[in-house]
Amino acid sequence: MAQKPAIPKGTRDFSPVEMAKRNFIFDTIKSVFLKYGYQPIETPAMENLSTLMGKYGEEGDKLLFKILNSGDFLAKADESLLAQKDSVKSTIQISEKGLRYDLTVPFARFVVQHQNEITFPFKRYQIQPVWRADRPQKGRYREFYQCDVDVVGSDSLMNEVELIQIVDDVYKALNINVLVKLNNRKILTGIAEIIGEADKIVDITVAIDKLDKIGLDKVNDELAQKGLSDEAINKLQPIINLSGSNAEKIETLKTVLSDSEVGVKGIEELETVFAYLATLDIKTEVELDLTLARGLNYYTGAIFEVKALDVQIGSITGGGRYDDLTGIFGLKNVSGVGISFGADRIYDVMNQLDLYPKESIVSTQLLFINFGEKEALYSLKALQSLRNAGIKAELYPDSVKMKKQMAYANKKEISFVAMAGENEMNEGKVTLKNMTTGEQQLVTVEEMIKIIG
RNA sequence: GUGAUUGUAGCUCAGCUGGUUAGAGCGCUGGAUUGUGGUUCCAGAGGUCGCCGGUUCGAAACCGGUCUUUCACCCCA
C-alpha cells in the first residue's frame, strides 16, 4: 500500500467506463460547435511565461505551473537574485515556460501570430486540458478540460446570441437543466461612474458578485472596507437589489444610468441581445443578473455564466466579450466573444444525476468464445463480416475455461456471446446467446448481423 | 496562500481510555458444474494500519513533521 505509486494532487486517472462517459460529453459539445461553423485548433500544453504572466492578475500568476529550464539552470541564474530568496524574481531566472492556464490567452496569441493566415471573422473551438496550481476541492482540479468556442474579428451582437444558442443546444443534448446568467461589463462600469467611484470598479464588482453567497449586509460591509463612501453605497442599493423581469430591470437601469454614456451603451447591447433571443426558440432561461461580474479583467461587453439547476456546483460554463485581448500581443481593434464549457464539472453533474444515455457507454457488443485454434480461426472469419457490418466484436484470445470466458463477457457487459465449436462449424453456423435473456439460437453470420445490428 | 479535515485488505468501513496471531461485508482466486456468465454452496489468497521520526516495556491508536483526501476562505471551470 505504502509503496504504491500515486498521481499528483488534484489530478485524476480515467477508467474505460469513465472515458466512455467523458467522450460522450466531448462528442456532444464538439458536434454542436461544428454545427455552428466553428473549426478546431490546438495549441501547445506549454507557453512562454511571457505570454502567460500578467494576464490573469496577481492571483493568476501564482496559480501558473512553471516549468524549470533545461540544463544547469541554477548555474546560469543570477546569484544575487537567488540569494534574495524572492520567489517571484527568481522564477524569471530559472523558468521561461509554463503550462497553459486557460485556452483564451493562448488563443489570443494564436490569432496575433497567425493573423495573416486567418480569415476574419474567425470562429474556432478548442478542447484541451488546462492546469492551475490551485488547492483542489469539490469540482476543482489542478488539471481539467475546457471546451472553448470563440469568434474574433466581429463586433456583431449576433455572436452573443449565437453563443447562447450553443449553450442551449449543448445542454439540451446533455439533458441538463441550466440557467444562463447574462450581464454587461459596460453596465458595471456605468454604475461605478454614476456613484462617483469609477476607479473602484473591480472592488465593486468583486463585492456584489458575492451577494448570493454572503448576503446584502456583508456586501455593504465589504464595500465600505474597500473605501466606498456611505453615499456611494447608498446609491448602489437600488442596483444591487434590482428585481423583476428582465425588461423591468432594464427599465430601471435606464433611468438610473441615463447620465453614463458607457452605461447606456451597455443597456442597449443587452436590450438588443434579449430582443434577438425573443425571436428564437430557446428552451433555456436567460436572466439578467447584475451581480454577475466574473473575475477576469479582460471582459468589456457581455458576460455569461451558466449554472446547473439540479446540482450544487460552481458555474459549469462562462465567458464574455473582450475587446482588448489581442491588443496585449500587439494586434489592435480585434474584438472577440467566447465561452468555455467546463467539461469536468459537467461530468460531475452528469454523474450525480446519472444522465448518460445507455448507448453512450456500450463497448463490445459481441464476444466469440475461444474453443481452440481451429475454432478460433473459424470465428475470426465471422468476426470480419460482423466488423464490416459495424458491429463491435471480439474473440477471447485464449482457449481457457468457458466459465472464465463467460464471466469476462459478463463483466464487460457484452450483450451477446457467440459459440462456434465442431457442431456449429459443420453446419456453417454459430450459436448466439443473448446475455440478458439467456436465450440461445443457432444462426448464420448474416442472421447474427440482423439480430445484433 | 489562510483555517480545518481525512488516510486500516482491490472497494466500503469496524477496531472501546495504547496490551498477545488486525476484523467484517463486497470483490478476487479455486472447487461443486472439464460447451454456458449473472443466483446458491464450500474453500482460499490478500494488510511493515499513508510515509518519516519521537514518547513507551509495548503504538493502527499518543506527539511532531510530511504527503494525500475532503471542506470553508481567496479565486475560479
Side-chain angles (χ1 to χ4, degrees), chain A residues 1-12 15 25 29 56-64 87-88 100-104 127-148 202 205-207 209-210 213-214 218 222 292-297 304-308 312-319 339-349 367-372 375 396 399-425 430-440 442:
Chain A
M1 183 80 187
Q3 277 78 3
K4 267 194 185 161
I7 54 175
K9 188 200 289 211
T11 64
R12 294 152 300 159
S15 68
I25 295 170
I29 290 173
Y56 311 103
E58 215 174 299
E59 279 300 311
D61 284 355
K62 283 188 207 154
L63 297 179
L64 282 169
S87 302
V88 176
R100 65 166 167 258
Y101 179 89
D102 71 357
L103 299 178
T104 308
I127 298 178
Q128 289 190 279
V130 302
W131 295 269
R132 297 183 188 178
D134 216 344
R135 205 180 270 201
Q137 46 179 275
K138 190 165 205 76
R140 202 158 186 184
Y141 309 99
R142 294 185 130 184
E143 178 185 63
F144 61 96
Y145 271 78
Q146 289 192 332
C147 312
D148 273 32
V202 175
T205 54
V206 167
D209 190 31
K210 293 178 189 162
K213 236 176 177 173
I214 63 176
K218 287 195 174 167
E222 184 164 331
L292 172 60
R294 298 190 58 82
L296 295 177
N297 329 354
F304 313 99
E305 188 165 283
V306 179
K307 300 210 84 173
Q312 186 73 33
I313 197 164
S315 77
I316 53 178
T317 293
I339 49 171
S340 175
F341 290 80
D344 296 85
R345 285 191 178 170
I346 293 173
Y347 173 77
D348 289 345
V349 170
L367 173 77
F368 262 87
I369 299 293
N370 190 327
F371 288 114
E375 293 87 344
Y396 197 90
S399 112
V400 294
K401 266 190 209 137
M402 187 158 175
K403 188 183 158 105
K404 188 165 182 163
Q405 301 192 42
M406 292 298 288
Y408 172 84
N410 203 49
K411 255 177 279 179
K412 269 185 92 173
E413 291 181 42
I414 298 174
S415 35
F416 291 94
V417 167
M419 286 160 277
E422 207 149 333
N423 295 341
E424 286 89 352
M425 283 165 73
V430 299
T431 298
L432 183 67
K433 172 165 180 149
N434 181 322
M435 291 295 277
T436 33
T437 64
E439 284 166 28
Q440 294 188 190
L442 191 64

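First the proteins, then the strands, lettered A, B, ... as listed; each starts at 1. Nothing here was measured: the structure is a model prediction, and the numbers come from that model.
- Listed by chain and residue number, F26(A) satisfy the ring-ring contact (aromatic ring centres under 6.0 Å, His included) test with Y145(A) (two or more places apart in sequence, or in another chain).
- Taking every side-chain heavy atom of K9(A) into account, rU69(B) is the closest of rG35(B), rU69(B), rC74(B).
- Qualifying side-chain contact (heavy atoms from CB on, under 4.5 Å) partners for S15(A), counting only residues two or more places apart in sequence or in other chains: V17(A), E18(A).
- Taking atom C1' in both rA14(B) and rC49(B), the straight-line distance is 13 Å, to the nearest Å.
- Taking the salt bridge (charged side-chain N to carboxylate O under 4.0 Å, His left out) definition, one finds that K9(A) meets it with nothing, sequence neighbours left out.
- With both ends at atom C1', the span from rU12(B) to rA72(B) equals 27 Å, rounded to whole Å.
- Y396(A) is linked by a ring-ring contact (aromatic ring centres under 6.0 Å, His included) to Y408(A), counting only residues two or more places apart in sequence or in another chain.
- Remark: the separation of the P atoms in rA22(B) and rA60(B) is 10 Å, to the nearest Å.
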Protein and nucleotides 38-46 of chain B: nitrogen or oxygen contacts under 3.5 angstrom:
| from | atom 1 | to | atom 2 | distance (Å) |
| --- | --- | --- | --- | --- |
| rG38(B) | O4' | N410(A) | ND2 | 2.9 |

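- For A133(A), the side-chain contact (heavy atoms from CB on, under 4.5 Å) criterion is met by F65(A), R142(A), not counting sequence neighbours.
- Nucleic acid contact class of E424(A) (heavy atoms, under 4.0 Å, all strands): base.
- Rounded to the nearest Å, the gap between the C1' atom of rU68(B) and that of rG50(B) is 7 Å.
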Identify all pairs in which a protein N or O lies below 3.5 Å from an N or O of nucleotides 27-30 of chain B, and state each distance.
none

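- Partners of S415(A) according to the side chain to side chain donor-acceptor pair (under 3.5 Å) rule, which considers only residues two or more places apart in sequence or in another chain, do not exist here.
- Contacts of F144(A) classified as ring-ring contact (aromatic ring centres under 6.0 Å, His included), with partners at least two apart in sequence or in another chain: none.
- Q440(A) pairs by the side-chain contact (heavy atoms from CB on, under 4.5 Å) definition with M419(A), T431(A), K433(A), not counting sequence neighbours.
- Here, rG7(B) and rG47(B) have their C1' atoms 14 Å apart, quoted to the whole Å.
- For Q405(A) against rU36(B), a side-chain-to-base donor-acceptor contact under 3.5 Å is absent.
- Separating the P atom of rC16(B) from that of rC63(B) is a span of 15 Å, rounded to the nearest Å.
- Looking at residues two or more places apart in sequence or on another chain, you find a salt bridge (charged side-chain N to carboxylate O under 4.0 Å, His left out) between E59(A) and K62(A).
- Here the separation of rC51(B) from rC71(B), taken at their P atoms, is 25 Å to the nearest Å.
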Study note, to complete from the structure: Writing each nucleotide of RNA chain B 5' to 3' as (, ), [, ], | or . by Watson-Crick or G-U pairing under 3.5 Å yields ((((..(..((((.....[...)))).(((((.......))))).....(((((..]....))))))..))))....

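- At a threshold of 4.0 angstrom between heavy atoms, the contacts of A407(A) are confined to the sugar-phosphate backbone, with no base atom among them.
- Residue ring and base: F144(A) counts as stacked with rA77(B) (centre distance below 5.5 Å, interplanar angle below 30°).
- Of the candidate nucleotides rC76(B), rC73(B), rU36(B), rU36(B) has the atom nearest to the side chain of Q440(A).
- In summary, of the residues considered (D344(A), D348(A), T11(A)), a side chain to side chain donor-acceptor pair (under 3.5 Å) with Y141(A) occurs for D348(A) alone.
- At the heavy-atom level, G60(A) lies nowhere under 4.0 Å from the strands shown.
- Counting non-hydrogen atoms under 4.0 angstrom, G10(A) reaches the backbone sugars and phosphates but no base.
- Residue-level contact check: F341(A) touches neither bases nor backbone, having no heavy atom under 4.0 Å from any strand.
- Separation of the P atoms belonging to rG23(B) and rG15(B) is 15 Å when rounded to the nearest angstrom.
- Taking 3.5 Å as the limit, the base of rC76(B) and the side chain of R135(A) contain no donor-acceptor pair of atoms between them.
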